[in-house]
Amino acid sequence: MADAISSTESEALKADVPVKKVSGRRVIFASAFGNALEFFDFGVYNFFVVYIGVLFFPPSSDPNIGLLLAFATFGVSFFMRPLGGILIGAYADRFGRKPAMVLTISLMSLGTLMIGIAPTYASAGYWGTITLVLARLIQGIAAGGEVGASMSMLVESAPANRRGFYSSWSLATQGLATTFGGLVALSLSAYLPVITGSPDVMSEWGWRVPFFIGVALAPIGCWLRLGLENDVLPKHTGAKGQVEVVRESATKLLAQHSRAIIVGVLITIGSTVATYISLYYYGTYAAKYLHMDQNYAYAAMLLAGVLTFVGGLLVGILCDKVGRKKLVVISRVVILLLAYPSFWLLVNYPNPVLLLSVVFVMVCFTTLGSVPGMLVISELLPKRIRALGFALVYSLGVAIFGGFAQFFATQSIVWLDSLTAPAWYLGGATLLSMLALPFFKDPKNLED
């Protein structure tokens, strides 16, 4: 899978000439805060999806319709991720990671603000629905560009023997965002009705508060990223030469790295479906179908966020010691074996303790495979097209399965008339992802 642009270039990081050496801690902090904020903005939608499903879509006698439409709106933004990955990824490869990362956080904040101020269906009809969908599309573009630019900066700033730890911050900060979102959701649900004296305050306007919090924090993320030095520029410094290199690299990525793309997409499918089911869906599922208190759903998501944050960093360290592929294999096998039992237990013994136990186990093994999986994708691609390539591969995998994981999981209950039906979706996606395992080698010992 060598890059065909130049016979003198290798896939190794050492083939590119850095402009300045960026401080590792500085890069981690700026990337981590910005990434966490973006995924807080992107993920807080999940915490209040029950309210959004009721407020932004026409009333229906079927209680599943509103939730399905809300999940579909969440999922449709993932179709914009490949576009964001292509546009912002190419921008990052041409002009550097720093300006691309500032752009993504600005776009994400715009989409978040739009959701926060969007009129409901009751007050504005379909204009409220259109505003919600448009905001999600903008967030999808931002998220598609963010993952490639930030992951590339983390990997390229890391010493060869610490790439696992550095890159783990990309997933860990998603967990941090979920943790923060869970704390905000729990606090608002517990205290806002008491403070206002209105039991319906959350459905009236309380659900909007987290979106405004995300917008308020955005300037801090931009400031941190603007404080970074630009990382690495292409070797060809002439403006015309740069444009030609980027365009050729995009074409060569599709033509010369097809195997890496397919392997990466398959790996991403398994990781994202497991992530969205374990971090978000179990909690929503328990509240919607098992009639547990909504606060237990928030608690499950909060636990998932803490585990992803702490576990992600630990797995990153482990990844540097034992390699990538072994961890991916263990994760996929265990998730495949536990997919059905996890839902069967919840259906037959619906209680908060079991819910938290299931989330604990599934998130641990999801994290075990997601951290090395993301790193493998970035290591399969040459540096000059890494931001574009990683964003495109990851966004395609997420768009195909991950973004609609909760929609398909919910719809499967209707199709199969069974509350354990989501297990088949989780298991099927995991099995499909395992097709990639024979086709990549552990790149732990490759030179940068």
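- Taken from CG in Leu327 to CZ in Phe365, the straight-line distance is 11.5 Å, to the nearest 0.5 Å.
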Exercise for the section: Could you go through the side-chain contact (heavy atoms from CB on, under 4.5 Å) check for Met374 and Ser271 one step at a time? Expected result: CA-CA 9 Å; Met374 293 178 70; Ser271 296; 5.9 Å; no
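- Closest approach of Pro82 to Ser395, counting heavy atoms only: N-CB, 3.4 Å.
- Each of Val215, Val44, Leu132 was compared with Ile115 under the side chain to side chain contact (heavy atoms under 4.5 Å, CB included) criterion, and only Leu132 meets it.
- Ala339 and Ala423 get closest at one heavy-atom pair: O-CB, 3.4 Å.
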Exercise for the section: Decide side-chain contact (heavy atoms from CB on, under 4.5 Å) for Ile105 and Met108; before the verdict, give the C-alpha distance in whole Å, the side-chain angles of both, and the deciding distance to 0.1 Å. Expected result: CA-CA 5 Å; Ile105 204 170; Met108 182 65 74; 5.5 Å; no
Side chains of residues 182-194: which donor-acceptor pairs under 3.5 Å do they make with residues two or more places apart or in other chains?
{"from": "Ser187", "atom 1": "OG", "to": "Leu183", "atom 2": "O", "distance (Å)": "2.7"}
{"from": "Ser189", "atom 1": "OG", "to": "Ala185", "atom 2": "O", "distance (Å)": "2.9"}

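- Shown here are the side chain to side chain donor-acceptor pair (under 3.5 Å) partners of Thr268, two or more places apart in sequence or in another chain: there are none.
- Between Trp207 and the options Tyr51, Phe56, Phe48, Tyr45, a ring-ring contact (aromatic ring centres under 6.0 Å, His included) holds for only Phe56.
- Closest heavy-atom contact between Gly305 and Thr179: C-OG1, 2.8 Å.
- Scanning for side chain to side chain donor-acceptor pair (under 3.5 Å) contacts around Ser433 gives Arg332, with sequence neighbours left out.
- Closest non-hydrogen pair, Ala409 versus Ile277, comes out as CB-CD1, 4.0 Å.
- One finds the CZ atom of Phe309 at 12.5 Å from the OG1 atom of Thr367 (value rounded to the nearest 0.5 Å).
- Checked against a 6.0 Å centroid threshold, the rings of Phe211 and Trp205 do not count as neighbours.
- Residues that satisfy the side chain to side chain donor-acceptor pair (under 3.5 Å) test with Tyr281, not counting sequence neighbours, are Thr410.
- Considering only residues two or more places apart in sequence or on other chains, Phe79 meets the ring-ring contact (aromatic ring centres under 6.0 Å, His included) condition with Phe404.
- Scanning both residues, Ala218 and Ser109, for their nearest heavy atoms gives CB-OG, 2.9 Å.
- Sorted by first then second residue, the ring-ring contact (aromatic ring centres under 6.0 Å, His included) pairs that include residues 112-161, not counting sequence neighbours, are Tyr121-Tyr126.
- Qualifying side-chain contact (heavy atoms from CB on, under 4.5 Å) partners for Val358, counting only residues two or more places apart in sequence or in other chains: Tyr282, Ser342, Leu346, Leu354, Met362.
- A search for side-chain contact (heavy atoms from CB on, under 4.5 Å) contacts involving Ser378 returns Met151, Val155, Leu375, Arg386, Phe390, not counting sequence neighbours.
- Once rounded to the nearest 0.5 Å, the distance linking CG of Leu55 with OG1 of Thr129 reads 10.5 Å.
- In this structure, the separation between CE on Met292 and OG1 on Thr284 is 12.5 Å, given to the nearest 0.5 Å.
- For Arg208, the side-chain contact (heavy atoms from CB on, under 4.5 Å) partners at least two apart in sequence or on another chain are Thr120, Phe212.
- The side-chain contact (heavy atoms from CB on, under 4.5 Å) test applied to Thr366 returns Ala274, Thr275, Ser278, Ile335, Ser370, not counting sequence neighbours.
- Here the closest heavy-atom approach between residue Leu356 and residue Leu303 is recorded as O-CD2, 3.4 Å.
- Here the side chain of Thr104 pairs a donor or acceptor atom with the backbone of Met101 at under 3.5 angstrom.
- Counting only heavy atoms from C-beta outward, the side chains of Leu154 and Ser170 approach each other to under 4.5 Å.
- Side-chain polar atoms of Thr308 and Gln174 form no donor-acceptor pair below 3.5 angstrom.
- Distance check: Arg97 CZ to Ser152 OG gives 4.5 Å after rounding to the nearest 0.5 Å.
- Checked options Ile28, Thr173, Leu224, Leu176; the residue passing with Phe33 is Leu224 (criterion: side chain to side chain contact (heavy atoms under 4.5 Å, CB included)).
- Figure legend: cation-pi geometry between Arg81 and Tyr394 absent, as NZ or CZ is not positioned both under 6.0 Å from the six-membered ring centre and within 45° of its axis.
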Practice task
Walk me through it: do Thr430 and Val273 pass the test side-chain contact (heavy atoms from CB on, under 4.5 Å)?
Solution key: CA-CA 8 Å; Thr430 303; Val273 170; 5.9 Å; no
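- Put simply, CG on Leu171 and CG on Leu313 are 9.0 Å apart, with the number rounded to the nearest 0.5 Å.
- When side chains are defined from C-beta on, Leu392 counts as touching Ile86, because their heavy atoms get closer than 4.5 Å.
- Panel note: side chain Asp320, backbone Phe165; a donor-acceptor pair is recorded below 3.5 Å.
- For residues 212-227, the set of pairs meeting the salt bridge (charged side-chain N to carboxylate O under 4.0 Å, His left out) definition, not counting sequence neighbours, comprises Glu38-Arg225, Glu146-Arg225.
- Contact annotation: the side chain of Pro210 approaches that of Phe40 to within less than 4.5 Å [non-hydrogen atoms, C-beta and beyond].
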